[in-house]
> 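Sending over a structure as structure tokens; questions will come in a sec.
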Amino acid sequence: MRSQFHTSTHLQSQKSRRWPAAKTHVGFRRRRQELGDKATPAGATFMRVPPGSHAYTSAAELNAPLRGKLICCSQVPPATAPSANGDCSDFYAGGVAVYSGLLWSTPCRDLPVLLAQPRSLPVIVTYRPNWEGGQYAGEDEPRFEALLLAMELGAEYVDVEFKVADKFMKYLSGKKPQNCKLIISAYDYKTTPSVHELLNLVAQIRATGADIVKIETTAADIVDTSRMFQVLAHCHEKQVPIIGLVRKEHGFISRIICAKYGGYLTFASLENGKESTTEQPTVADLINKYKIRQIGPDTKVFGIIGNPVSHSKSPIVQNQAFRSVGFDAVFLPFLSDDLVQFLYTFSAPDYAGFSCTMPHKETALRCCDDVDPIARDIGAINTIIRRPDGKLVGYNTDYSGAISAIEDGIRAPCAASQPTDSITSPLAGRLFVVIGAGGAGKALAYGAKEKGARVVIANRTFARAQELAHIIGGTALTLSELESYHPEKGMILANATSVGMHPNVDETPLSKHALKSYAVVFDAVFVPRETRLLREAAVCGATVIDGLEMLIRLVMVQFKLFTGGMTAPERLMREAILTKTH
């Protein structure tokens with residue numbers, strides 16, 4: 001059965017409300033005496049949530065979902081806790097403010113400081129034991145006492161583990177303040193269970209008296225997230241507040257797409273290096289890169305499918321471009337090892353298009369119902385569009401992006417001194433050597449042949465080089481033969497492999513000595529922008545063309561395909577790719 005994700009909600013902001021001052025409870029005085037000398041291990045988490053994100057003062061409101069804001073988990077030493085409001089203000093000024101930090105060593109001393117009124121942000125307090133990933137190693141009762149104290153001091157949310165939820169409710173004995181919402185959390189650190197099992201878990205958590213259900217599972221594959229999305233959509237339809245997230249890199253998209261399916265909130269870190277889990281995005285990325293505040297039930301989903309994809313600049317570029325033209329869409333990195341299974345699982349109309357990168361470009365050809373003639377001739381696809389009837393159409397924009405980048409790179413040095421022929425390609429008649437016989441290699445070889453170049457293919461697997469050379473009418477070489485291949489001066493070299501890509505930046509597909517016969521060297525790798533191959537080619541006197549220039553051109557063509565014909569904002573997309581800020 002295909003996953004059809006049609007039901008969803010939008011995380012929207014609510015109007016800000018003033019928070020009532022915390023009262024001094026009799027229970028607090030007693031607990032101050034009881035807990036004053038008890039040193040509590042530093043295992044609790046203190047999270048602040050921005051005003052306007054959730055403010056509930058009645059029983060009816062306690063069942064309303066949190067809309068539009070983020071919870072950020074980062075570890076901050078207790079000594080810095082009093083500056084929490086200052087840390088939050090920077091994010092609040094941008095419209096989404098979140099603070100999270102390491103909580104207390106002595107609850108009765110630290111909680112009044114952290115929960116002091118007036119405070120700029122509502123809070124979630126959790127005190128996680130080591131058996132559930134936290135640092136607290138003591139008995140449950142002191143932990144429960146601290147959480148009750150947080151409630152009495154006015155904490156808007158308290159988060160407790162499902163494994164001890166019944167025990168905690170018995171401890172409370174009805175003493176939970178009405179304006180404090182209880183989050184009951186369950187974790188699966190190994191798998192993502194079936195939809196049926198997850199819905200049963202939701203029912204069990206609700207039965208404990210939870211105001212909000214929280215479930216975090218673990219992804220072995222990106223398709224595991226689809227089960228969580230179905231649960232989120234189901235709970236939204238039934239008006240059950242739920243936080244549903246999937247761990248590990250394959251589950252990264254759940255941190256963002258939960259906004260589409262009715263997720264109560266999501267988690268992010270304040271900055272890189274302060275993540276509580278490795279797959280957490282930063283607040284800046286959620287707001288600026290993925291535009292989470294604009295994601296709603298009708299938002300179309302696009303993304304780049306491959307392995308690896310974390311280095312891709314496409315999410316930065318396409319999301320900014322979508323927003324600039326008012327196109328309701330989000331572009332995500334889809335880490336997938338199985339393209340066929342991915343396309344089968346994410347088959348709903350809202351999953352409207354994809355960019356395909358290594359190692360899926362050739363497999364994509366077999367997955368599409370229709371294929372553009374050029375892409376069919378090349379034998380590889382880097383762009384898939386889902387038509388309104390659900391059919392998948394494949395295109396290849398690598399071809400036009402790479403060849404035009406190389407042509408312009410060759411023309412540029414001559415443009416200032418003499419007129420250039422804009423009709424005849426500067427590749428015509430030149431010896432054009434392609435390293436790699438995969439999807440990108442096929443696109444480059446096909447494009448060069450179409451422009452009149454004499455094409456040579458070198459590949460690690462010689463049989464594949466022979467196959468491609470036979471198709472386009474070129475010559476095949478082994479990589480070892482390429483090292484001594486210099487039949488003429490002024491050759492063009494194009495690397496279409498991942499050799500030299502981050503993190504393997506010291507690798508190169510061809511020795512510096514062999515580069516001396518080339519006048520032009522192009523590298524499809526764009527992270528880093530200046531690869532070892534390009535650096536050594538420049539020293540040898542060659543004109544070098546980096547992969548970013550190809551990327552700029554191909555994503556502009558993809559944008560037009562994704563948006564149904566809109567003109568790509570070239571200046572914006574170029575700036576987004578060429579700058580590190582996003």
Side-chain angles (χ1 to χ4, degrees), residues 285 288-289 303-304 306 308-322 324 331 333 355-358 361 382-383 396-413 415 426-427 434-436 438-441 443-444 447-448 492-510 515 518 520-539 542-562 568-582:
D285 279 351
N288 301 325
K289 185 174 181 179
I304 180 167
V309 290
S310 60
H311 67 284
S312 175
K313 289 181 176 285
S314 292
I316 301 171
V317 178
Q318 297 291 6
N319 284 321
Q320 288 197 18
F322 289 159
S324 73
F331 192 98
S355 172
C356 290
T357 188
M358 301 175 188
K361 292 185 178 184
N382 78 325
T383 308
N396 191 304
T397 67
D398 285 335
Y399 154 70
S400 57
I403 295 301
S404 65
I406 295 171
E407 287 179 322
D408 288 349
I410 294 172
R411 290 188 180 112
L427 304 185
V434 178
I435 304 178
L444 279 159
I492 301 170
L493 178 70
N495 175 39
T497 73
S498 61
V499 176
M501 180 187 291
H502 177 83
N504 303 311
V505 296
D506 293 327
E507 296 180 359
T508 183
L510 196 62
L515 291 172
Y518 294 92
V520 178
V521 176
F522 165 79
D523 198 340
V525 172
F526 57 86
V527 180
R529 183 176 185 181
E530 184 184 58
T531 60
R532 178 182 170 186
L533 174 66
L534 294 184
R535 189 165 57 250
E536 293 180 347
V539 171
T543 297
V544 297
I545 303 158
D546 62 66
L548 278 183
E549 193 57 43
M550 166 186 158
L551 178 64
I552 290 168
R553 295 159 192 254
L554 73 85
V555 297
M556 288 174 59
V557 178
Q558 287 180 327
F559 175 88
K560 189 172 183 178
L561 292 170
F562 289 154
E570 179 177 358
R571 182 177 178 181
L572 181 148
M573 297 181 84
R574 182 174 291 275
E575 289 176 352
I577 287 177
L578 296 179
T579 59
K580 292 183 179 180
T581 57
H582 51 273

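Here, residue 1 is the first one in the sequence, and each next residue gets the next number.
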> First locate atom CG of N504, then atom OG of S498, and finally report the distance between them rounded to the nearest 0.5 Å.
8.0 Å

> Do the non-hydrogen side-chain atoms of L533 and L515 ever get within less than 4.5 Å of each other?
yes

> Calculate, to the nearest 0.5 Å, the distance between atoms OG1 and CG belonging to T531 and D546 respectively.
8.5 Å

> Set out, in order, the CA-CA distance, both residues' side-chain angles and the distance that settles side-chain contact (heavy atoms from CB on, under 4.5 Å) for L444 and I406, then state yes or no.
CA-CA 10 Å; L444 279 159; I406 295 171; 3.9 Å; yes

> What's the verdict on side-chain contact (heavy atoms from CB on, under 4.5 Å) for I304 and Q318, showing C-alpha distance, side-chain angles and the deciding distance?
CA-CA 10 Å; I304 180 167; Q318 297 291 6; over 6 Å; no

> Could you pull out the closest heavy-atom pair between A405 and I545, with the gap in Å?
O-CG2, 3.9 Å

> Tell me the closest heavy-atom pair linking S314 and V555, and the distance in Å.
OG-CG1, 4.1 Å

> Closer than 3.5 angstrom, by distance alone: can the side chain of N396 be matched with the main-chain N or O of Y399 as a donor-acceptor pair?
yes

> Who are the side-chain hydrogen bond (donor to acceptor under 3.5 Å, both in side chains) partners of T357, not counting sequence neighbours?
none

> Are the side chains of E407 and L427 in contact, using a 4.5 Å heavy-atom criterion?
yes

> Grab the two heavy atoms, one from M573 and one from A568, that are nearest each other, plus how far apart they are.
SD-CB, 3.8 Å

> Side-chain contact, heavy-atom cut-off 4.5 Å: P333 with S312?
no

> Of the options L493, V539, L534, which is the one that meets V544 in a side chain to side chain contact (heavy atoms under 4.5 Å, CB included)?
L534

> Does the side chain of R553 come within less than 4.5 Å of D408's, by heavy atoms?
yes

> What heavy-atom pair brings A542 and V520 nearest, and what distance separates the two atoms?
CB-N, 4.3 Å

> Mind checking what makes salt bridge (Lys or Arg N to Asp or Glu O under 4.0 Å) contact with E570, not counting sequence neighbours?
R574

> Check side-chain hydrogen bond (donor to acceptor under 3.5 Å, both in side chains) between N319 and all other residues, then give those that pass, not counting sequence neighbours.
none

> Below 4.5 Å, heavy atoms only, C-beta onward: do L548 and K313 meet side chain to side chain?
yes

> Quick one: sort the H311 and F526 rings into parallel, tilted or perpendicular, breaks at 30° and 60°.
tilted

> So N382 and Q558, do their side chains get closer than 4.5 Å, heavy atoms only?
yes

> A side-chain contact here means heavy atoms from C-beta on lying under 4.5 Å apart; do L510 and N495 qualify?
no

> Taking all non-hydrogen atoms of both residues into account, name the closest pair between A321 and F559 and its distance.
CB-CE1, 3.6 Å

> Looking at F331 and G303, what are the two nearest heavy atoms and their distance?
CZ-C, 3.4 Å

> Would you please test T383 and V557 for side-chain contact (heavy atoms from CB on, under 4.5 Å) and show each step?
CA-CA 10 Å; T383 308; V557 178; over 6 Å; no

> Can you spot which of I577, D523, L551, L578 makes a side chain to side chain contact (heavy atoms under 4.5 Å, CB included) with R529?
L578

> Just how far is it from atom CE of M556 to atom CD1 of I552, taken to the nearest 0.5 Å?
9.0 Å

